Amino acid sequence: MISRLSALFAAVACAATLAVSPLAAQAQDAASAAASGAEVTAAPAADTAAPAAAPEAAAPAPHTEKVDNPYSLGNIVAHGNIVDQIVLAILFIMSLGSWYILFTKLWDTSKIAREAKDVRATFFKKASLAEGIKGLSETGAFRFIAQTGVEASDHHEGALTENIDHNTWVTMNIDRAVGEVNSRLQGGLGFLATVGSTSPFIGLFGTVWGILQALTQIGVAGQASIDKVAGPVGAALIMTAIGLGVAVPAVLGYNWLVNRNKSVMGQVRAFAADLHGVLMGSRKVASR
């Protein structure tokens, strides 16, 4: 439970970082422009005052009034139309879900990898299967598979199951347990694939809608100068950038988790095969 909450907090932090970074960049650009303007204004004043003989104090730098950018991401969030706000909300939810799945699946695969290392070192060196199972984590995948195999080997009764030989019955139950572990690891990857494939188009829809609204307002106002066109169109293009920022981590995370799952499941299947051999060998010894 703690790991899930930690993953949720980390996902919120990552999604918030992606959302705030365009605002920070725009604020930095505005500050740089203001500083440049102040330097340009101050330089001629210093050159003019240098030849003067009177020891008068230098005039204070002119006060530069901060101009609010009506086309920034913050203004789109606060004062944009309902379509823009819905698009941003959908992209934020997608980003939040992607980062949550990435952190939780990373935790799950790391946990199974640690368990696999301990199992290789200690499990098959125990005096009995019961003792080996007690040494495994109660919530671990390997204990679940081992208990399933032992229960299937010990309880092979019933009118229908008697038609299945013991070897096949144990194999079927172990394979089901391995399949369930694999399903748990694969959970959430479909969401990552969906986010990676759809979020760029959702951002593009926001861009198209924003450009349409900007051009409509420009047409109604009758002013088509570059300063009237660049701002609204640039604000609309932010949607595409956000869509790509949501899609890229989802695609990379999906491919990364698929490769990690293959590696981890290889260790799980190797344990299941060894467990099956031990169960069949112990039954043969017991039947003699």
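Small disclaimer: the values here were computed from a predicted structure and weren't measured.
- Interatomic distance, NE2 of His166 versus OG1 of Thr171, reported as 9.5 Å (0.5 Å rounding).
- The side-chain heavy atoms of Met265 and Ile112, taken from C-beta on, include no pair separated by under 4.5 Å.
- Closest non-hydrogen pair, Ser153 versus Val170, comes out as CA-CG2, 3.8 Å.
- Considering every non-hydrogen atom in both Met94 and Phe191, the closest pair reads O-CE2, 3.9 Å.
- There is no path of hydrophobic side-chain contacts, each under 4.5 Å, that joins Tyr254 to Val251.
- The shortest distance between side-chain heavy atoms of Met239 and Val208 does not fall below 4.5 Å.
- Across all non-hydrogen atoms, the minimal contact from Val264 to Thr109 is CG2-O, 3.9 Å.
- No donor-acceptor pair closer than 3.5 Å links the side chain of Trp209 to the backbone N or O of Asp84.
- Thr194 pairs by the side-chain contact (heavy atoms from CB on, under 4.5 Å) definition with Thr198, not counting sequence neighbours.
- Between Leu279 and Ile174 the shortest heavy-atom distance is CD1-CD1, 4.1 Å.
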Working note: Leu192 + Leu102, criterion side chain to side chain contact (heavy atoms under 4.5 Å, CB included); need CA distance, chi angles, decisive distance, verdict. CA-CA 9 Å; Leu192 290 180; Leu102 284 173; 4.1 Å; yes

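- Of the possible donor and acceptor atoms, none in the side chain of Thr122 sits under 3.5 Å from a partner among the backbone N and O of Val119.
- Taking every heavy atom of both residues into account, Gly196 and Ala250 meet most closely at N-CB, 3.9 Å.
- Within a 6.0 Å sphere centred on CZ of Phe201, heavy atoms belonging to other residues, nucleotides or ligands number 12 at most.
- Between the side chain of Ser263 and the backbone N or O of Asn259, no donor-acceptor pair lies under 3.5 Å.
- Remark: side-chain polar atoms of Ser183 are paired, donor with acceptor, to backbone N or O of Gly179 under 3.5 angstrom.
- Taken to the nearest 0.5 Å, the CZ atom of Arg143 stands 9.0 Å off from the NZ atom of Lys134.
- Partners of Ile86 according to the side-chain contact (heavy atoms from CB on, under 4.5 Å) rule, which considers only residues two or more places apart in sequence or in another chain, are Ile82, Ile90.
- Panel note: side chain Lys126, backbone Ile133; no donor-acceptor pair is recorded below 3.5 Å.
- Looking at Glu180 and Arg184, a side-chain N of the basic residue comes within less than 4.0 Å of a carboxylate O on the acidic one, giving a salt bridge.
- Side-chain contact check for Arg260 versus Leu106: some heavy-atom pair is nearer than 4.5 Å.
- Considering CD1 of Ile242 and CG of Leu237, their distance stands at 11.5 Å, rounded to 0.5 Å.
- No path of Ile, Leu, Val, Met, Phe, Trp and Tyr side chains, each step under 4.5 Å between heavy atoms, connects Leu244 with Val87, placing them in separate hydrophobic clusters.
- Put simply, CG on Leu136 and CG on Asp118 are 9.0 Å apart, with the number rounded to the nearest 0.5 Å.
- Of all the heavy atoms in Gln267 and Phe142, the pair that sits closest is O-CE2, 4.2 Å.
- Hydrophobic clustering places Leu91 together with Val83 (ILVMFWY residues linked when any side-chain heavy atoms are closer than 4.5 Å, directly or through intermediates).
- For the atom pair Asp274 CG and His276 NE2, the distance stands at 11.5 Å (nearest 0.5 Å).
- In this pair, Phe123 and Phe271 present their aromatic rings perpendicular. The plane angle is above 60°, beyond the 30 to 60° band.
- The hydrophobic clustering, which links ILVMFWY residues whose side-chain heavy atoms are closer than 4.5 Å, places Leu204 and Val246 apart.
- Arg269 is listed as a side-chain neighbour of Asn182, based on a closest heavy-atom distance under 4.5 Å.
- Tyr100 and Leu252 fall into different hydrophobic clusters, where Ile, Leu, Val, Met, Phe, Trp and Tyr residues are linked whenever their side-chain heavy atoms come under 4.5 Å apart, directly or through other members.
- A donor-acceptor pair is defined here as one N or O able to donate and one able to accept, closer than 3.5 Å; such a pair exists between the side chain of Thr207 and the backbone of Thr240.
- We find the NZ-CG distance between Lys105 and Asn261 to be 8.0 Å, quoted to the nearest 0.5 Å.
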